[in-house]
Colleague: 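For reference, the structure I am asking about is given below.
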Amino acid sequence: MSAKDCQETVEHSVQLKFFSAVFYAGSSFLITVVNKTVLTSFRFPSYMCLGIGQMITTLVVLYAAKMSKAIQFQDFDRTILLKMFPLPLLYVGNHITGLASTKKLSLPMFTVLRKFTILMTMILEVYILRKTFSKRLVYSVTAIVLGAMVAASSDLAFDVEGYTFILLNDAFTAASSVYTKKKLGTEGLGKYGVLFYNALIIIIPTLMASAFTGDLHKAVTYEDWVKATFIMCFLVSCFMGFVLMYSIVLCSYYNSALTTTVVGAIKNVAVAYIGIFVGGDYLFSWTNFLGLSICMSGGLAYSYFTFNTTSSRSNTEGEKELKIHITEDSTGKY
């Protein structure tokens, strides 16, 4: 292997980690804004039906891609349910509580309270994936959670139901991230199989729950279905639901579950800053703003330590590999 080939391999690996994280952050930012528009601005009454639309879009896109041979994943058989468990249950819990909390809370406070997902993810990675973390990463996560607590302490629009949904959403998201990372290594599934069978397994129970609770009836009788702007926003939300899930899986594949969660947290702080000026439901206070700034500082520190360490380690390994090959070539030549 030449020095140029080795360098390209190293750079490619670091770039995949970084750009998959950026892709996830951008997708998460866009769907948060779109979902907020559909559920709050248009007052769409059913967050569950919006989730169903996102699942249907995921199934249609991935099935069409599989039929056209653009992607490959295992055909359905009796082993799928065992391979996927408990990811579908975590997915539906994450989806429903996330949409519910988006509707109940202001956009900035939604993003602030989501920071507790990071702490939960770190704990689950230690116990489930047997991972260890450096002190710098632990301090960074502590700063993010501390900032969230400072920001939340000034919330003047306290909503018990909204806070319950968001904390449940944190727990489901953390467990889903860790188990997604674990399931990506399952033979036959891969990135696309995890996405497709997640949606396939849970869509029928979700439809039944929506019909039983009257959520489906509210969605069907919603008055603004005749408005082109609402239909456009609804369709964009459905498509972005697929894009978001793909970006999460992609980021988890190239990075750790904790890194994926922290990237989402940094995005959420950016959304919170924008929510100060857009949305009209944010009650500004300096305490909240200070908490958001602490969160952002901790998130940026975590990102720097993670990607800088990865890059340095990869470069070191690349140099060692290069020296070995040079030695072998020289030995063979002489």
Side-chain angles (χ1 to χ4, degrees), residues 20-21 24-25 27-29 31-32 35 51 84-102 104-105 109-134 137-149 151-152 162-186 191 194-195 198 202 241 244-269 271-272 295 298-299 301-303 305-306:
S20 63
Y24 165 53
S27 302
S28 185
F29 172 81
I31 195 172
T32 301
N35 283 348
M84 292 297 298
F85 184 83
L87 199 54
L89 298 178
L90 299 174
Y91 176 86
V92 71
N94 180 35
H95 215 77
I96 292 175
T97 56
L99 291 172
S101 56
T102 300
K104 294 289 183 179
L105 296 174
M109 287 314 303
F110 168 82
T111 59
V112 166
L113 294 174
R114 286 285 288 157
K115 304 302 177 297
F116 292 98
T117 304
I118 301 172
L119 182 61
M120 296 178 186
T121 302
M122 176 176 280
I123 294 172
L124 287 177
E125 278 204 302
V126 170
Y127 283 99
I128 296 177
L129 301 182
R130 304 299 180 186
K131 291 197 63 175
T132 58
F133 299 96
S134 67
L137 295 184
V138 173
Y139 293 152
S140 300
V141 169
T142 302
I144 296 172
V145 176
L146 177 62
M149 294 176 66
Y163 274 52
T164 301
F165 273 123
I166 195 66
L167 292 176
L168 285 173
N169 186 229
D170 290 345
F172 279 120
T173 301
S176 181
S177 297
V178 173
Y179 275 101
T180 294
K181 180 69 175 179
K182 188 175 182 179
K183 296 298 181 182
L184 285 173
T186 303
K191 300 187 292 292
V194 169
L195 281 175
N198 246 329
I202 65 178
L244 175 64
M245 291 310 302
Y246 175 67
S247 68
I248 291 174
V249 169
L250 198 66
C251 188
S252 297
Y253 180 77
Y254 290 115
N255 299 283
S256 68
L258 182 61
T259 297
T260 302
T261 306
V262 171
V263 169
I266 297 174
K267 178 274 309 180
N268 286 340
V269 174
V271 172
C295 284
Y302 178 94
S303 300
F305 292 144
T306 298

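These numbers were taken from a predicted model, which means no experiment stands behind them. Computation of the quantities below employed the complete heavy-atom set of this structure, encompassing side-chain atoms and omitting hydrogens, waters and symmetry-equivalent molecules.
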Colleague: Hey, could you give me the CE/OG1 distance between M245 and T180, rounded to the nearest 0.5 Å?
Modeller: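 Reported value, rounded in 0.5 Å steps: 6.5 Å.
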Colleague: Once rounded to the nearest 0.5 Å, what's the spacing between atom CG of D170 and atom OG1 of T97?
Modeller: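 It comes to 8.5 Å.
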Colleague: Tell me, please, which residues at least two apart from V126 pass side-chain contact (heavy atoms from CB on, under 4.5 Å).
Modeller: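 Residues passing side-chain contact (heavy atoms from CB on, under 4.5 Å) with V126: F133.
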Colleague: Kindly write out the residues that satisfy ring-ring contact (aromatic ring centres under 6.0 Å, His included) with Y246, not counting sequence neighbours, or none if the list is empty.
Modeller: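 In terms of ring-ring contact (aromatic ring centres under 6.0 Å, His included), with neighbours along the sequence ignored, Y246 is linked to Y192.
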Colleague: Under the side chain to side chain donor-acceptor pair (under 3.5 Å) test, which residues partner T173, sequence neighbours left out?
Modeller: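 Applying side chain to side chain donor-acceptor pair (under 3.5 Å) to T173 gives N94, R114.
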Colleague: State whether the side chain of S28 and the backbone N or O of Y24 hold a donor-acceptor pair below 3.5 Å, judged by distance alone.
Modeller: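 It does not hold such a pair.
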Colleague: Looking only at heavy atoms, what is the nearest atom pair of S27 and S247, with distance?
Modeller: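 That closest heavy-atom pairing would be CB-OG, 3.7 Å.
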Colleague: Any side-chain to backbone donor/acceptor pair from K183 onto P86? Under 3.5 Å, distance only.
Modeller: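 Absent.
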Colleague: Are S140 and F305 close enough, and set up right, to give a side-chain contact (heavy atoms from CB on, under 4.5 Å), and what steps lead you there?
Modeller: CA-CA 9 Å; S140 300; F305 292 144; 3.6 Å; yes
Colleague: Out of curiosity, L129 CG to K181 NZ, how far, rounded to the nearest 0.5 Å?
Modeller: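 Result: 8.5 Å between the selected atoms.
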Colleague: Could you list the residues that satisfy side-chain contact (heavy atoms from CB on, under 4.5 Å) with I123, not counting sequence neighbours?
Modeller: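 Applying side-chain contact (heavy atoms from CB on, under 4.5 Å) to I123 gives L119, Y127.
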Colleague: If you measure from CG on L90 to CZ on F85, what distance do you get to the nearest 0.5 Å?
Modeller: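 Between L90 CG and F85 CZ, I get 8.5 Å after rounding to 0.5 Å.
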Colleague: What pairs with A171 under side-chain contact (heavy atoms from CB on, under 4.5 Å), at least two apart in sequence or on another chain?
Modeller: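 side-chain contact (heavy atoms from CB on, under 4.5 Å) check on A171 returns M120.
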Colleague: Determine the minimum heavy-atom distance between N255 and S20, stating which atoms define it.
Modeller: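 Looking at all heavy atoms of both residues, the shortest contact is ND2-OG, 3.2 Å.
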Colleague: Would you name the heavy atoms of M122 and L258 that are closest together and state the gap between them?
Modeller: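 Scanning both residues completely, I find the closest heavy atoms to be CE-CD2, 3.6 Å.
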Colleague: Once rounded to the nearest 0.5 Å, what's the spacing between atom SG of C295 and atom CD1 of I118?
Modeller: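 That separation rounds to 7.5 Å.
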Colleague: Roughly how far, to the nearest 0.5 Å, is the NZ atom of K191 from the CD1 atom of I248?
Modeller: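 Answer rounded to 0.5 Å: 15.0 Å.
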Colleague: For T259, what residues pass the side chain to side chain donor-acceptor pair (under 3.5 Å) criterion, not counting sequence neighbours?
Modeller: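 In terms of side chain to side chain donor-acceptor pair (under 3.5 Å), with neighbours along the sequence ignored, T259 is linked to S256, Y302.
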Colleague: What I'd like to find out is whether the side chain of L124 reaches to under 4.5 Å of the side chain of Y179, using heavy atoms alone.
Modeller: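 No; the side chains remain at least 4.5 Å from each other.
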